[in-house]
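Following: one structure in structure tokens, then a few remarks.
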Number of protein chains: 4
Amino acid sequence: MGAVKTKRMPRAVREQQMLDAAVRTFGQRGYMAASMDEIAELAGVSKPLVYLYLNSKEDLFTACIRREAKALTEAVRAGARPGLPADRQLWSGLTAFFTHTARHPDGWAVLHLQARTHGEVFAAEIAAVRAEIVAFVTQLILAAAREAHRDPDLPEREVSGLAEALVGAAEALADWANATPGVTARQSAATLMNFAWAGLGDLMAGRHWTPPDDDTDGGIHGIHGGTGQVG
Amino acid sequence: MGAVKTKRMPRAVREQQMLDAAVRTFGQRGYMAASMDEIAELAGVSKPLVYLYLNSKEDLFTACIRREAKALTEAVRAGARPGLPADRQLWSGLTAFFTHTARHPDGWAVLHLQARTHGEVFAAEIAAVRAEIVAFVTQLILAAAREAHRDPDLPEREVSGLAEALVGAAEALADWANATPGVTARQSAATLMNFAWAGLGDLMAGRHWTPPDDDTDGGIHGIHGGTGQVG
Amino acid sequence: MGAVKTKRMPRAVREQQMLDAAVRTFGQRGYMAASMDEIAELAGVSKPLVYLYLNSKEDLFTACIRREAKALTEAVRAGARPGLPADRQLWSGLTAFFTHTARHPDGWAVLHLQARTHGEVFAAEIAAVRAEIVAFVTQLILAAAREAHRDPDLPEREVSGLAEALVGAAEALADWANATPGVTARQSAATLMNFAWAGLGDLMAGRHWTPPDDDTDGGIHGIHGGTGQVG
Amino acid sequence: MGAVKTKRMPRAVREQQMLDAAVRTFGQRGYMAASMDEIAELAGVSKPLVYLYLNSKEDLFTACIRREAKALTEAVRAGARPGLPADRQLWSGLTAFFTHTARHPDGWAVLHLQARTHGEVFAAEIAAVRAEIVAFVTQLILAAAREAHRDPDLPEREVSGLAEALVGAAEALADWANATPGVTARQSAATLMNFAWAGLGDLMAGRHWTPPDDDTDGGIHGIHGGTGQVG
DNA sequence: GATGAATGAGCATTCATTCAT
DNA sequence: GATGAATGAATGCTCATTCAT
């Protein structure tokens with residue numbers, strides 16, 4: 001079932017084969033359910049070699065996380081080139097993101113599902129990468145405000161929350177796209193741009209959605225300062 | 001260390017104690033790392049009793065998923081009462097959602113993290129619940145369009161994608177709120193309403209964000225039919 | 001090969017069976033070469049039960065050491081009753097010692113050979129027991145001096161060294177007796193009494209063997225203050 | 001961390017480096033806990049070379065035992081030169097023995113601790129060396145008797161037992177000296193001479209310690225034919 | 001209703017040993 | 001002469017699960 005058994009490869013090559021097998025197995029079975037036996041077999045090597053090169057299951061998983069995280073962030077960074085206006089950066093970054101997650105579903109599963117569910121150590125690894133992305137998106141939001149010559153006038157935490165929401169929405173769409181045949185990366189990106197960007201635009205323009213005073217309030221509410229869109 | 005050891009309880013009560021212990025253990029350790037020993041001890045009963053009542057680890061986990069899913073959906077449903085306008089329904093549903101996930105972090109971890117990562121069976125269970133919620137949100141979006149007397153003129157899948165994005169953003173915010181001390185349910189809900197609702201409003205009004213023809217395109221793009229918001 | 005397979009025994013009984021099997025296996029194979037599989041089989045139980053009761057290989061070995069050390073020291077203590085004169089105490093203590101080591105060769109191997117060779121932890125355990133015995137012998141030597149109304153006039157360390165030598169000789173004789181068919185405990189004890197006690201008597205009487213000034217010295221040497229015994 | 005990595009050494013030199021590393025590793029870790037990896041690394045060579053030269057772990061250990069046994073017996077033999085009177089021979093032999101064991105603690109550990117605890121083969125190897133030493137000491141005892149113009153009138157086995165006891169005492173003192181800082185070889189040797197030699201002298205003179213008829217005997221006992229020393 | 005006693009099966013890890021170069 | 005690459009075979013340990021009472 002595994003790769004064709006080729007003997008005597010240089011270490012670097014074997015390591016990549018092992019990581020390939022590990023990402024696939026971890027992505028599909030989960031960290032704990034994946035056995036080193038299965039990984040070794042899929043990689044076409046014996047178990048001791050896996051330990052010789054990757055040290056332990058934990059280290060192997062960490063190596064997977066790091067490799068996949070690096071690949072993902074580099075893909076996104078390569079997509080969102082700094083020269084463009086903020087919305088174009090976001091668009092192309094998202095497209096790169098959805099393209100990458102679609103092409104590497106196991107790697108995405110490792111990052112998004114498995115790494116967060118199997119121990120603080122791995123979760124911390126992921127949290128760091130994710131924080132980086134959220135920070136990047138936060139910068140894009142603020143840049144967009146500047147480009148529109150508007151003062152967002154939003155507290156730090158509010159902007160963070162928006163970025164969190166945007167990233168979370170992207171993650172959910174990536175899962176959804178991977179599970180729904182026929183959805184392209186461009187479509188996912190367009191959906192998210194439509195969903196998020198206009199909302200952000202309104203926010204930048206000072207049009208908030210104001211919550212009612214309390215849960216039983218029946219009074220006036222809605223978008224302030226706007227023209228009464230939606231509800 | 002678990003519940004006070006009380007003998008001879010009626011079955012229904014014992015079962016709830018076991019489920020409490022199981023949700024807590026599964027939520028914190030994960031499905032595979034949680035041992036039946038630990039759960040039984042935390043529940044204050046012997047292991048055979050757990051098997052007598054809940055049959056197997058798999059069944060026990062399924063029971064946890066079902067109980068927590070039911071509790072969550074009921075909380076949300078109780079929040080979003082049908083009489084209100086769509087945005088108010090969404091607002092109060094979200095508030096109920098964030099309140100519940102904050103109050104039952106282990107249950108939320110079971111649903112959002114663990115159930116999706118440990119086998120098709122559990123993932124399917126979750127997918128069903130989630131689909132129900134996405135459908136509900138989809139209806140809200142369409143209702144909002146109707147209330148605004150506008151034809152969304154959006155393909156079915158596009159609206160589904162929007163709902164997916166909204167739900168995904170909500171999930172991410174729930175995680176974020178649970179991990180960030182001081183964030184209230186109302187704040188999370190407000191952030192999400194601001195983020196999403198205006199964007200949806202624009203969409204309903206026919207103002208899309210149009211993607212460039214391709215990645216290297218330098219031509220005109222942006223929100224069509226609008227007043228040039230944001231970028 | 002193991003004990004007759006009897007089902008459902010109370011824990012205390014099973015534990016002793018396991019310790020019996022472990023002492024035998026550790027004594028014959030050594031700590032590292034002994035496998036938990038072998039011990040479990042010899043005890044007539046499954047491996048998990050060994051772990052359930054004894055926790056780990058290390059703990060099992062420690063339990064063996066403690067049990068055997070206790071049995072040995074109690075046997076010696078029971079032999080050397082305090083009321084007797086010092087030489088009689090030593091005689092009966094030694095007899096008890098050789099009797100016990102002959103009857104429990106595996107236990108003796110665990111204590112004398114295995115425990116000292118497999119890690120600081122075990123060695124420390126043994127060292128404590130041994131120190132106790134050496135201290136006991138030291139007291140006997142001093143008591144003998146008092147009984148003979150003589151001032152040993154020996155430095156603390158010198159007496160300790162003598163006690164160490166006596167205990168070491170006893171240990172070697174125990175090994176030798178176990179390996180040489182037909183040697184009884186009484187014979188071993190008599191040999192050691194003859195070997196050691198008179199020498200101690202001379203020492204107490206102030207008759208030392210004086211070392212030459214240096215290795216190449218050809219001058220006078222021998223037992224001082226005595227009648228020129230031996231050489 | 002091991003020897004400086006020098007390429008292309010003649011075989012004999014390499015082998016000694018390997019044996020050095022092996023003795024150190026076996027002495028400190030024990031036979032089983034020592035890994036060929038560690039030994040090879042400490043020797044500064046690759047593992048296959050160790051196998052090329054020394055064949056197997058067992059052979060390597062045997063080679064260690066032989067080399068260290070030879071070194072020890074040669075050191076002792078060089079110390080105890082045949083021309084001297086018996087007590088001087090014993091004294092200088094013991095001094096050489098304690099000097100050597102103090103200078104080569106790992107070698108001593110291999111011989112005294114490890115080789116006896118890891119399988120019949122190694123134990124037999126050691127037993128042979130030890131028998132040689134015991135025989136040598138036996139000869140010394142008999143020589144001493146002749147020198148004193150006395151007929152030991154002791155059965156063969158009794159003398160062997162005495163020699164065993166003396167050798168065992170020496171071994172215990174070697175361990176004790178290695179574990180107790182500040183004890184010199186001369187001190188150890190003097191302690192043992194004092195302990196043993198006078199006792200032997202008494203024995204030669206026909207003064208035995210006579211065991212009581214049985215353990216509950218309260219009758220007369222003690223050194224017969226002597227002046228009532230000690231007891 | 002409840003549990004102490006017990007296990008089959010599996011898993012991460014290690015080690016002595018050998019090729020192919 | 002010397003080594004990087006590779007593995008078969010154990011071994012300690014854990015876990016879900018089940019009897020017998």
Side-chain angles (χ1 to χ4, degrees), chain A residues 5-11 13-15 32-40 44-60, chain B residues 5 7-11 14 32-40 44-60, chain C residues 5-11 13-15 32-40 44-60, chain D residues 5 7-11 13-14 32-40 44-61:
Chain A
K5 210 158 190 174
T6 318
K7 298 246 167 178
R8 304 273 148 183
M9 328 253 314
R11 172 168 180 155
V13 178
R14 273 278 190 254
E15 272 190 17
M32 304 229 62
S35 83
M36 295 298 273
D37 273 289
E38 190 180 359
I39 293 171
V45 295
S46 69
K47 233 185 330 172
L49 200 59
V50 179
Y51 278 89
L52 188 61
Y53 286 172
L54 276 313
N55 249 344
S56 70
K57 194 182 189 185
E58 204 171 322
D59 284 6
L60 174 57
Chain B
K5 207 160 190 173
K7 298 246 167 177
R8 306 274 151 180
M9 327 246 322
R11 170 160 181 159
R14 275 274 192 255
M32 302 232 61
S35 82
M36 296 297 273
D37 273 286
E38 189 179 359
I39 293 171
V45 295
S46 71
K47 236 187 322 175
L49 199 59
V50 179
Y51 278 87
L52 187 62
Y53 285 176
L54 275 314
N55 232 0
S56 73
K57 193 183 190 184
E58 207 171 320
D59 285 4
L60 173 57
Chain C
K5 210 157 190 173
T6 317
K7 297 245 166 178
R8 302 274 151 184
M9 327 253 315
R11 172 167 181 157
V13 177
R14 274 278 190 255
E15 273 191 17
M32 302 230 63
S35 83
M36 294 298 273
D37 273 289
E38 190 181 358
I39 292 171
V45 295
S46 71
K47 230 186 333 173
L49 199 59
V50 179
Y51 278 90
L52 187 61
Y53 288 171
L54 275 314
N55 248 344
S56 71
K57 195 183 188 183
E58 204 171 323
D59 284 6
L60 174 57
Chain D
K5 209 161 188 171
K7 298 246 170 180
R8 305 275 153 180
M9 326 247 323
R11 170 161 181 160
V13 178
R14 274 275 193 254
M32 303 233 60
S35 82
M36 295 297 273
D37 273 285
E38 189 179 0
I39 292 170
V45 296
S46 72
K47 237 186 324 174
L49 199 58
V50 179
Y51 279 87
L52 187 62
Y53 286 176
L54 277 312
N55 232 359
S56 73
K57 193 184 190 185
E58 207 171 320
D59 285 5
L60 173 56
F61 193 48

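As a basis for the values below, the full set of heavy atoms in this structure was taken, side chains included, without hydrogen atoms, waters or symmetry mates. In the text below, chain A, chain B and the rest are named by the order of the sequence lines, each starting its count at 1.
When the nucleotides dA5(F), dT17(F), dG12(F) are ranked by their closest atom to the side chain of Met36(C), dG12(F) comes out on top. The side chain of Tyr51(D) lies closest to dT17(E), out of dT17(E), dT17(F), dA12(E). Distance from the side chain of Arg8(C) is smallest for dC19(F) among the nucleotides dT11(F), dC19(F), dA12(E). Side-chain atoms of Leu49(C) lie closest to dA6(E) of the nucleotides dG4(F), dA12(E), dA6(E). Comparing dC15(E), dA6(F), dT17(E) by their closest approach to the side chain of Pro48(A) singles out dC15(E).
The CG-P distance, from Leu52(A) to dG8(F), rounds to 15 Å in whole Å. Rounded to whole Å, the distance from CG on Asp37(C) to P on dT14(F) is 14 Å. Between Tyr53(B) atom OH and dA2(E) atom P there is a gap of 5 Å when expressed in whole angstrom units. In this structure, the CG atom of Leu60(B) is 12 Å from the C1' atom of dA16(F), given to the nearest Å. Rounded to a whole Å, the CD atom of Glu38(B) is 16 Å from the P atom of dT17(F). One atom, CE of Met9(A), and another, C1' of dC19(E), lie 17 Å apart when rounded to the nearest Å. Going from atom CE of Met32(A) over to atom P of dA16(F) covers 10 Å, rounded to whole Å. Distance, Glu58(A) CD to dC11(E) P: 18 Å, rounded to whole Å.
Taken from CG in Leu54(D) to CZ in Phe61(D), the straight-line distance is 13.0 Å, to the nearest 0.5 Å. Annotation: the span from Met36(C) atom CE to Leu60(C) atom CG amounts to 5.0 Å, rounded to 0.5 Å. The CG atom of Leu52(A) lies 14.5 Å from the NZ atom of Lys47(A); values are rounded to the nearest 0.5 Å.
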- Query: What would the secondary structure line of DNA chain F be in dot-bracket form, counting Watson-Crick and G-U wobble pairs under 3.5 Å, with [ ] for pairs that cross earlier ones and | for pairs with another strand?
  - Reply: .||||||||||||||||||||

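Ala40(D) comes within 4.0 angstrom of no nucleic acid atom, judged by non-hydrogen atoms across all strands. Contact annotation for Arg11(D): no contact, since no heavy-atom pair falls under 4.0 Å across all strands.
Between the side chain of Lys57(D) and the backbone N or O of Ala34(D) there is at least one donor-acceptor pair closer than 3.5 Å.
In terms of heavy atoms, Ser46(D) sits closest to Ala40(D) at C-CB, 4.1 Å. The two residues Arg14(A) and Arg8(A) make their nearest non-hydrogen contact at NH2-N, 4.2 Å.
A heavy-atom distance below 4.5 Å is found between the side chains of Tyr53(C) and Leu49(C).
Contact annotation: Arg14(C) does not reach the phosphate of dG4(E) (side-chain N/O to OP1 or OP2, under 4.0 Å).
Side chain Lys47(B) to base dT17(F): a donor-acceptor pair is found below 3.5 Å.
Across the interface with DNA chain E, nearest-nucleotide mapping of Ala34(D) and Ser46(B) shows Ser46(B) to be the residue nearer the 5′ end. Nearest-nucleotide mapping onto DNA chain F: of Asn55(C) and Pro10(A), the residue sitting toward the 5' end is Pro10(A).
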